[in-house]
**Q** 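Handing you a structure now.
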Amino acid sequence: MVDKKLSGAGLRGQSAGETSLCTVGKSGSGLTYRGYDVADLADNATFEEVAFLLFEGELPNQQQLDKYKTELKALRDLPQALKEVLQRIPASAHPMDVMRTGCSFLGNLEPEEDFTQQNHAANRLLAAFPAIMCYWYRFSHEGVEIDCVTQEDSIAGHFLTLLNGKAPSAQHQKVMDVSLILYAEHEFNASTFTARVCASTLSDMFSCITGAIGTLRGPLHGGANEAAMDMIQKFTSPADAKTQMAGMLERKEKIMGFGHAIYRTSDPRNVIIKAWSEKLAKENGDTSLYDISVACEEFMWDSKKLFCNADFFHASAYHFMGIPTKLFTPIFVCSRLTGWAAHVMEQRSNNRIIRPSADYIGEEPRKVTPIAQR
Ligand SMILES: CC(=O)SCCNC(=O)CCNC(=O)[C@H](O)C(C)(C)COP(=O)(O)OP(=O)(O)OC[C@H]1O[C@@H](n2cnc3c(N)ncnc32)[C@H](O)[C@@H]1OP(=O)(O)O
Ligand SMILES: O=C([O-])CC(=O)C(=O)O
């Protein structure tokens with residue numbers, strides 16, 4: 001894995017366009033958003049500042065940030081028709097399907113009529129996604145019709161308040177804010193590339209984001225945080241984790257939350273969310289799941305030189321905050337929407353339809369045999 005080859009299938013290692021939004025693994029393991037190191041942003045900025053940075057190109061000053069947050073707060077509520085649609089989606093539905101439908105349906109009610117509305121469409125989704133997720137979840141699972149508006153200052157606090165019906169602790173609010181920063185943007189990953197392909201046909205913002213949600217859903221991409229949670233919950237101790245993982249590798253199973261298409265030796269987001277996971281475990285007074293996670297990390301590195309990606313310690317961190325596992329990937333949506341929308345805007349600003357070629361490996365030209373003779 002250390003000598004990871006960036007070539008072969010899956011367009012690996014091929015440049016598919018230009019971006020000024022993000023670098024991934026440029027110096028082996030780094031991640032920058034518009035030139036800022038993600039660790040610096042996680043320490044010294046908020047998610048709203050990062051969203052502004054991605055959409056507008058620069059970090060906001062205090063006045064710009066206040067204005068932006070006021071704008072977002074005014075966009076939090078959901079139209080009645082969308083609430084009615086969410087009420088009809090069963091509890092058994094996959095929450096990523098709920099996000100996809102919520103996004104798509106909002107696009108019916110409040111379409112992006114032309115590209116001058118692109119920032120508004122992006123901000124509307126950024127403000128509304130926490131309510132789309134929590135309105136459906138609490139209605140279908142608890143029979144509660146929540147008020148989609150809160151007075152919480154941040155998107156992180158707003159989401160946790162909608163989910164729990166009460167304001168979060170300062171610590172939980174901070175961890176959620178950091179998590180939203182870490183997941184915000186990641187160059188030409190599969191879901192962002194989906195959004196850019198859609199944008200390249202001059203389609204609307206809601207279609208681009210709906211497609212991206214469908215791509216993020218898979219366990220090889222965003223869905224890995226849920227899959228990692230399901231896995232670590234089955235391990236009874238660090239030793240059991242190592243034994244079971246050895247069996248999984250022997251059976252050639254993929255271990256979710258490990259490995260990466262671009263990074264070679266580490267994912268820079270891991271060390272940040274891992275540290276928060278440890279703090280949360282200690283605060284909860286039970287580090288057993290954290291210890292199991294650390295054992296998984298050690299085992300995978302020792303046996304396969306595979307490292308934790310952003311998703312692995314997000315699983316335990318979210319779990320320690322009491323977030324239901326099925327909502328892990330939808331939280332990713334609430335964050336990555338910023339990267340997706342910024343890429344849609346960037347694609348539109350210098351567009352040519354994305355249409356690669358394929359190497360044909362099928363039959364030679366042949367004639368149709370009449371059906372009676374087949
Ligand atoms: C936020 C995110 O989306 S981060 C990614 C989240 N996804 C996951 O965690 C899913 C698990 N990981 C994976 O499936 C892969 O590592 C991916 C999809 C992330 C990257 O895929 P690729 O770029 O094709 O992986 P890569 O080329 O590094 O694989 C090299 C070898 O390691 C193996 N490998 C890579 N990751 C894993 C893993 N998690 N578990 C077991 N084996 C793995 C591959 O099967 C491959 O083996 P092979 O040469 O015998 O075929
Ligand atoms: O870049 C990738 O392929 C996947 C990833 O880590 C992300 O989208 O955050």
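Starting from 1, each residue takes its place in the sequence as its number. We count ligands from 1, going down the list as the structure has it; atoms in each ligand are counted the same way.
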**Q** Under 3.5 Å, is there a donor-acceptor pair between the Thr192 and Asn189 side chains?
**A** yes
**Q** When rounded to the nearest 0.5 angstrom, what distance separates CG in Leu125 from OG1 in Thr210?
**A** 8.0 Å
**Q** Without hydrogens or angle criteria, can the side chains of Glu283 and Gln171 be said to hold a donor-acceptor pair below 3.5 Å?
**A** yes
**Q** May I ask which of Leu306, Asp267, Asn309 has a heavy atom nearer to atom 42 (N) of ligand 1 than the others do?
**A** Leu306
**Q** Is a donor from one side chain sitting under 3.5 angstrom from an acceptor on the other, for Ser179 and Tyr318?
**A** yes
**Q** Give a yes/no on ligand 1: does Gly223 have at least one heavy atom closer than 4.0 angstrom to it?
**A** no
**Q** In terms of residue, atom name and distance, what is the protein heavy atom nearest to atom 8 (O) of ligand 2?
**A** Arg336 NH1, 2.9 Å
**Q** Do we see a donor-acceptor contact under 3.5 Å between the side chains of Thr161 and Thr150?
**A** no
**Q** Can you report which non-hydrogen protein atom sits closest to atom 1 (O) of ligand 2, along with the distance?
**A** His186 ND1, 2.7 Å
**Q** Under a 4.0 Å heavy-atom limit, does Ala224 contact ligand 1 with its side chain, its backbone, both, or neither?
**A** side chain
**Q** Verify whether one side chain among Ser316 and Ser277 offers a donor that lies under 3.5 Å from an acceptor in the other.
**A** yes
**Q** Please classify the Ala228 to ligand 1 contact at 4.0 Å (heavy-atom distances, strictly less than): side chain, backbone, both or neither.
**A** neither
**Q** With atoms numbered from 1 as shown, which atoms in ligand 2 lie under 4.0 angstrom from a non-hydrogen atom of Asn189?
**A** 1 (O), 2 (C), 3 (O), 4 (C), 8 (O)
**Q** Considering only heavy atoms, which of Arg12, Met256, Met248 lies nearest to atom 24 (O) of ligand 1?
**A** Arg12
**Q** Is Gly257 near ligand 1, meaning one of its heavy atoms is under 4.0 Å from it?
**A** yes
**Q** At a non-hydrogen distance cut-off of under 4.0 Å, which region of Phe332 contacts ligand 1 (side chain, backbone, both, or neither)?
**A** side chain
**Q** May I ask you to check whether His186 and Tyr263 place their ring centers less than 6.0 Å from one another?
**A** yes
**Q** In terms of atom number and element, which parts of ligand 1 are under 4.0 angstrom from non-hydrogen atoms of Ala261?
**A** 20 (C), 23 (O)
**Q** Should His221 be listed as contacting ligand 2, given a heavy-atom distance under 4.0 Å as the test?
**A** yes
**Q** Just going by heavy-atom distances, which of Ile255, Ile262, Leu216, Asn189 is nearest to atom 38 (C) of ligand 1?
**A** Ile255
**Q** Consider every N or O of Phe258 and every N or O of ligand 1, then say whether any pair is closer than 3.5 Å.
**A** yes
**Q** Whether the Asp66 and Gln62 side chains hold a donor-acceptor pair (N or O, under 3.5 Å, no angle test) is what I'd like checked.
**A** yes
**Q** Taking the six-membered ring for Trp, are Tyr137 and His141 parallel (under 30°), tilted (30 to 60°) or perpendicular (over 60°)?
**A** parallel
**Q** Between Asp177 and Gln173, do the side chains contain an N or O donor and an N or O acceptor separated by less than 3.5 Å?
**A** no
**Q** Number the atoms of ligand 1 from 1 as they appear, then name those within less than 4.0 Å of a heavy atom of Gly259, with their elements.
**A** 16 (O), 19 (C)
**Q** So which protein heavy atom does atom 4 (C) of ligand 2 come closest to, and at what separation?
**A** His260 NE2, 3.5 Å
**Q** Does NZ or CZ of Arg348 come closer than 6.0 Å to the centre of the six-membered ring of Phe115, within 45° of the ring's axis?
**A** yes
**Q** When you measure from atom 34 (N) of ligand 1 to each heavy atom in Lys254, Arg264, Met300, which option holds the nearest one?
**A** Lys254
**Q** Considering Lys305, His221, Met245, which one's heavy-atom position lies nearest to atom 3 (O) of ligand 1?
**A** His221
**Q** Fit a plane to each ring of Phe307 and Trp301, take the angle between them on a 0 to 90° scale, and name the class: parallel (under 30°), tilted (30 to 60°) or perpendicular (over 60°).
**A** tilted
**Q** Which atoms from ligand 2 have a heavy atom of Arg269 less than 4.0 Å away?
**A** 5 (C), 6 (O), 7 (C), 9 (O)
